[in-house]
Q: 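Pasting a structure here, questions to come.
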Amino acid sequence: MDNCIFCKIIDGSIPSKTIYEDEVVKVFLDINPLAAGHTLIIPKKHFKDFDDIDLETLNHIMKVAKDIKLRIEERLNPSGIRLLQNNGVLQDVKHFHLHLIPTYNKDMDLNVDKVFEILK
Ligand code: 5GP
Ligand code: ZN
C-alpha cells in the first residue's frame, strides 16, 4: 500500500528495530514507547484492522505474540504485559498491528537502543 508507514517498514524503506521476523510477520520496537520493551507485531501483507485481517494471519500473530511476550518477560522482567489492538478513531496507523506493552514495578529508564540490544 502506497503511503502506509508500516508497509514501508516491511519493504525496508523506513528503518525499524526489528527483533523477529518470518514470512508472515515483522516484530519491532515502537518508536514512541509507552514503556521499555513496547513492541509491535505486524503482518507483512497490508490489512487495515481487526475486521480486515484473516483468521489464519491473526492466529499466526497470536502465536508469535506468545513467544515475544515470553522473551520480554525473561529479558526485561516486567510485572505485567498488556496486549492492545486499536480500531477506528483509536487507530493511528491504518495497517493492523498488535501492541505488547510491558509495565514495571520499579523505574525502567532504558532508551530504545538499550532495549533493542536486550531484546534482539
Ligand atoms: P495505534 O494508535 O495506531 O494503535 O499505534 C500506532 C503506533 O505506531 C504508536 O504507538 C506509534 O508510536 C507507532 N509508530 C508510528 N510510526 C512509527 C514508525 O515509523 N516506527 C515505529 N517503530 N513505530 C511507529
Ligand atoms: Zn500497510
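Counting starts at 1 for both ligands and their atoms, following the listed order.
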Q: Search all heavy atoms of His46 against all heavy atoms of Cys7 and return the closest pair with its distance.
A: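 Heavy atoms of His46 and Cys7 come nearest at ND1-SG, 3.5 Å.
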Q: Count the heavy atoms of every other residue, nucleotide or ligand shown that sit under 6.0 Å from CG of Asn111, and state whether that count exceeds 12.
A: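 Result for CG/Asn111: enclosed.
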Q: Of all N, O or S atoms in His46, identify the one at the shortest distance from the Zn ion (ligand 2).
A: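 Atom name of the closest N, O or S in His46: ND1.
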Q: At under 4.0 Å between heavy atoms, which part of His99 makes contact with ligand 1: side chain, backbone, both or neither?
A: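 The answer is the side chain of His99.
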Q: Which option, Asp30, Leu29, Ile9, owns the non-hydrogen atom nearest atom 7 (C) of ligand 1?
A: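 Shortest heavy-atom distance from atom 7 (C) of ligand 1: Asp30.
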Q: Could you tell me whether some N/O pair between Ile31 and ligand 1 is separated by less than 3.5 angstrom?
A: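 Yes, there is a polar N/O contact under 3.5 Å.
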Q: Should the heavy atoms of other residues, nucleotides or ligands under 6.0 Å from CZ of Arg75 be counted, would the total exceed 12?
A: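 Enclosed: over 12 neighbouring heavy atoms sit under 6.0 Å from CZ of Arg75.
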Q: Taking the six-membered ring of Tyr104, is the NZ or CZ of Lys106 close enough (under 6.0 Å from the centre) and on axis enough (within 45°)?
A: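 Lys106 over Tyr104 ring: no.
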Q: Run the numbers for me: atoms of ligand 1, each under 4.0 Å from some heavy atom of Asn86, listed by number.
A: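 Counting atoms of ligand 1 from 1, those under 4.0 Å from Asn86 are 1 (P), 2 (O), 4 (O).
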Q: Just checking Phe28 against Phe6, ring centres under 6.0 Å apart?
A: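 Centroid separation for Phe28 and Phe6: below 6.0 Å.
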Q: Can you tell me which residue and heavy atom of the protein come closest to atom 8 (O) of ligand 1, and the distance to 0.1 Å?
A: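 Its nearest protein heavy-atom neighbour is Phe6 CZ, 3.6 Å.
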Q: Any salt bridge linking Lys44 with Asp22? Criterion: basic side-chain nitrogen under 4.0 Å from a carboxylate oxygen.
A: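 No, no charged N to carboxylate O under 4.0 Å.
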Q: Can you tell me the N, O or S atom of His95 that's nearest the Zn ion (ligand 2)?
A: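 In His95, the heteroatom (N, O or S) nearest the Zn ion (ligand 2) is ND1.
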Q: Counting only heavy atoms from other residues, nucleotides and ligands, does the tally under 6.0 Å from NZ of Lys45 exceed 12?
A: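 For Lys45, atom NZ is not crowded (no more than 12 foreign heavy atoms under 6.0 Å).
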Q: Determine, considering heavy atoms only, which of Val93, Asp92, Val112 sits nearest to atom 15 (C) of ligand 1.
A: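 That would be Val93.
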Q: More than 12 foreign heavy atoms under 6.0 Å from CG of Leu90: is that the case here?
A: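 Yes, CG of Leu90 has more than 12 neighbouring heavy atoms, counting only those of other groups under 6.0 Å.
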Q: To the nearest 10°, how many degrees is the angle Cys7 SG to the Zn ion (ligand 2) to Cys4 SG?
A: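 The SG/SG angle about the Zn ion (ligand 2) sits at 120°.
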Q: Considering only the protein, which heavy-atom contact is closest to atom 6 (C) of ligand 1, and what is its distance?
A: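 Going atom by atom, the protein heavy atom closest to atom 6 (C) of ligand 1 ends up being His97 NE2, 3.4 Å.
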Q: Numbering the atoms of ligand 1 from 1, which are under 4.0 Å from a heavy atom of Leu40?
A: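 Reading through ligand 1 atom by atom, the close ones are 8 (O).
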Q: To the closest 0.5 Å, what do you measure between NZ (Lys8) and NE2 (His95)?
A: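 Between Lys8 NZ and His95 NE2, I get 13.0 Å after rounding to 0.5 Å.
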Q: When you measure from atom 19 (O) of ligand 1 to every protein heavy atom, which one gives the shortest distance, and what is it?
A: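 Checked against all protein heavy atoms, atom 19 (O) of ligand 1 sits closest to Ile5 CG2, 3.6 Å.
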Q: So is there a nitrogen or oxygen of Phe28 less than 3.5 Å from a nitrogen or oxygen in ligand 1?
A: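 So ligand 1 has no N or O lying under 3.5 Å from an N or O of Phe28.
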Q: Show the atoms of ligand 1 that are less than 4.0 angstrom away from any heavy atom in Leu90.
A: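 In order of number, 2 (O).
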Q: Specify side chain, backbone, both or neither for Phe96, according to which of its non-hydrogen atoms lie closer than 4.0 Å to ligand 1.
A: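 It is neither part, as no heavy atom is under 4.0 Å.
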Q: I'd like to check which ligand 1 atoms, numbered from 1 as shown, lie under 4.0 Å from a non-hydrogen atom of Asn32.
A: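 Atoms satisfying the 4.0 Å criterion: 12 (O).
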Q: Just checking Asn3: does its CG atom have more than 12 heavy atoms from other residues, nucleotides or ligands closer to it than 6.0 angstrom?
A: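 No, not enclosed.
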Q: Can you tell me which residue among Leu40, Ile41, Leu83 is in a side chain to side chain contact (heavy atoms under 4.5 Å, CB included) with His99?
A: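 Exactly one candidate clears the test, Leu40.
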Q: Give yes if a backbone or side-chain nitrogen or oxygen of Gln91 is under 3.5 Å from a nitrogen or oxygen of ligand 1, and no if not.
A: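 Among all N and O atoms of Gln91, none is under 3.5 Å from an N or O of ligand 1.
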